[in-house]
Amino acid sequence: MTDQRPSSNRSRLEDLSLTEALGRDTPPDLTKRILAAASRDDAPTPVRGTPSLPAGRTAKPTMGLSRRHWAGIRFVAAFLLVFSVGLVALLVLRKPRQPEPAATAQGNSSPAAVDVKGSRNGGEHAPVPAVPGPQTPVVPPPENTLPQELPPAPEPGPTPPQPPMPAPPSETVKQPPQQPAPGTPHEDPPKEPGQGPVIETPEPAPEPTEAADPWKAVAARPQAGRVVSGEVLVTYEVGGKQLLPPAHLGSAELRQGAQVVANDACVLALEGGACAQARGTLLLECDNLGVLLQPADGEIYADTLGAGREVRLRGFGHTLVLSGGALVAECKRTSLEFSVLEGQADCDGKRVVAGKGSSVSKRGLGTVGEAPRGLRDSRLMRGLAAMTLWRQGFDAAPVQGLQGAQVEPRSAGELGESAPGSVAAAGGADASVGVVFDTFHTTLTHEVIRVRFRQRGAGSLILQCFNPDRNDNFGRDLPAGKPGEWQVIEIAAGELRDRSTGKVAAKAGLRFSSLSLHAMGDGTNLEVDWIELVRRPTFE
């Protein structure tokens, strides 16, 4: 029988080393005894127990283990312990690899390694070897099934792009950020709401293409009127602060808030068809009712005859309303005296008719009586200028064209003027020059028609206007004057009569669509320099 004790001693030594490494049993410290024995006679390290040798064999002395040999044994034991624990944990914790249902059903499973991206043998990472798991009993496959060992699957071609799956309505699908192409500059992705403050960079203001015009800001305000004649000083103020520097204007539009200073009488065409003439200081305001005049000093004449809106004069906290009439007023230190020339004026619920006058102070409207003669004979009324309602020259062809004539140039000597120009010329039997109004013209009280002309060979003239409402002309026969000389004829619109009966006068409010001048004769020549419609106030 073979003796197994050496093998048993080796196993026991390994058990003791494992026990010592795990910390459950520490052997006695024999360092001093071993060192003492080694110093005496270098005796071998005694081993517990005396091994029995078979007959006929000689026992060999056992060499003692030095200190460094014990250190190596401990290192080996520790390594074996860690390796054993790791191997056991790997076998116990790792689950067996199960084949995918889809691959089993289709029979395309293969032991080839699959990379982390799911492509067969084509990924960037090395294949991961399968870790053996616990053995499971092999179940024989049913009939008509595929064999367990399948031929290797063919190399797949490029996978066609699959359409994205629609997301549920209540969920928001977040797309992965796109990676920039190599060489493109890096840009930070946009921040989502709630991920930090978003700093918005304001867009730079466009550079001005032209210098700012201060008059454009004023032009945006409602128009109160325009200067027809006379030189005035115009300023604009807002809240007591001067908006624009004073400007001397001979003819310009007047806007809301214009303050007019006129040393001599100036003529103003007010918004809505009314007119005013003033000397002194005057503030203009306007709204949907009309124009509000607020004189600070001097005299003012206001005329709303035939106008579509009223004119109001305000002084000392009270307002005088003029509608369909004319009046003259003078602003004094403590009152605004006025006289109604035509129509009527209302103030504080009281009415003042033509030929009457009164005054307005802080206490309101004063006693109404006869119109003061001083206002009617004032310097302003003596120099009251005509207001131009419409004018047509011929330096350029009229917008609506000419009737029976054409535009021809003339020198300054031929015109009898300081500068050359053009005229509307016609010739032949009963030569005529006619113009068409841009819009229907409605006649006003005290309206005057003025024409500058020159004729040759005419025995008489006819001036007439066409009225579309009656389908008839309203006109008047005039003397021809001296042939070859420039002359100006003036005729009041109220003097025109209908041509069919000659009994109906052209009263204020009658509409005209055209105006014409005829030179009556067999061989005539007619030249017209200009035509205008004016209002010339004349009172009894």
Basic-acidic side-chain contact under 4.0 Å: [X], [Y]:
| X | Y | value |
| --- | --- | --- |
| Arg497 | Asp472 | no |
| Glu370 | Lys356 | yes |
| Asp469 | Arg511 | yes |
| Arg279 | Asp297 | no |
| Asp303 | Arg535 | yes |

- Query: Where the side chain of Ser339 meets the backbone of Gly357, is there a donor-acceptor pair that is under 3.5 Å apart?
  - Reply: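 Flag not set: sc Ser339 to bb Gly357 has no pair under 3.5 Å.
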
Quiz item: Does Gly428 offer a backbone N or O that forms a donor-acceptor pair with the side chain of Thr524 under 3.5 Å?
Solution: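 Present.
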
(message) Does Leu461 form a side-chain contact (heavy atoms from CB on, under 4.5 Å) with Phe453? I'd like the steps, not just the answer.
(response) CA-CA 11 Å; Leu461 301 174; Phe453 72 100; 3.3 Å; yes

Residue pair Thr319, Arg312: steps toward the side-chain hydrogen bond (donor to acceptor under 3.5 Å, both in side chains) verdict: CA-CA 6 Å; Thr319 303; Arg312 291 164 291 166; over 6 Å; no

Value rounded to 0.5 Å, distance of [atom1] in [X] from [atom2] in [Y]:
| X | Y | atom1 | atom2 | answer |
| --- | --- | --- | --- | --- |
| Asn467 | Ser513 | CG | OG | 8.0 Å |
| Glu310 | Leu322 | CD | CG | 9.0 Å |
| Ile462 | Asp477 | CD1 | CG | 5.0 Å |
| Asp430 | Met520 | CG | CE | 3.5 Å |
| Gln487 | Lys482 | CD | NZ | 9.5 Å |
| Leu444 | Leu389 | CG | CG | 5.5 Å |

* Asked: What residue among Gln400, Gln392, Gln403 forms side-chain contact (heavy atoms from CB on, under 4.5 Å) with Val435?
  ->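 Filter result, single survivor: Gln392.
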
Is a donor from one side chain sitting under 3.5 angstrom from an acceptor on the other, for Thr439 and His441?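 Judged by distance alone, the side chains do not pair up.
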
Checklist entry - Would one find more than 12 heavy atoms of other residues, nucleotides or ligands at under 6.0 Å from atom CZ of Arg363? => result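 Open: at most 12 neighbouring heavy atoms sit under 6.0 Å from CZ of Arg363.
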
For Asn263, does the CG atom sit with more than 12 other heavy atoms under 6.0 Å from it, leaving out its own atoms?
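No - once you tally the heavy atoms of other residues, nucleotides and ligands closer than 6.0 Å, there are 12 at most.
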
Under 4.5 Å between any side-chain heavy atoms of [X] and [Y], yes or no?
| X | Y | answer |
| --- | --- | --- |
| Pro295 | Leu336 | yes |
| Tyr301 | Leu380 | yes |
| Asn525 | Gln455 | no |

Discussion item. Show, in sequence, the C-alpha distance, side-chain angles and deciding distance for Gln294 and Glu285, and conclude whether the side-chain hydrogen bond (donor to acceptor under 3.5 Å, both in side chains) test is met.
Written reply: CA-CA 8 Å; Gln294 187 170 343; Glu285 301 285 345; over 6 Å; no

Sort and list the pairs that fulfil salt bridge (Lys or Arg N to Asp or Glu O under 4.0 Å) and have at least one residue in residues 398-426, not counting sequence neighbours.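 Passing the test, one end in residues 398-426: Glu408-Arg410, Arg410-Glu527, Glu417-Arg452.
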
Notebook entry, point to check: Are Ile531 and Trp390 close enough, and set up right, to give a side-chain contact (heavy atoms from CB on, under 4.5 Å), and what steps lead you there?
Noted result: CA-CA 8 Å; Ile531 304 172; Trp390 176 85; 4.0 Å; yes

>> side-chain contact (heavy atoms from CB on, under 4.5 Å) for Leu254 and Leu270? Distances and angles first, verdict last.
In response: CA-CA 9 Å; Leu254 300 173; Leu270 303 181; over 6 Å; no

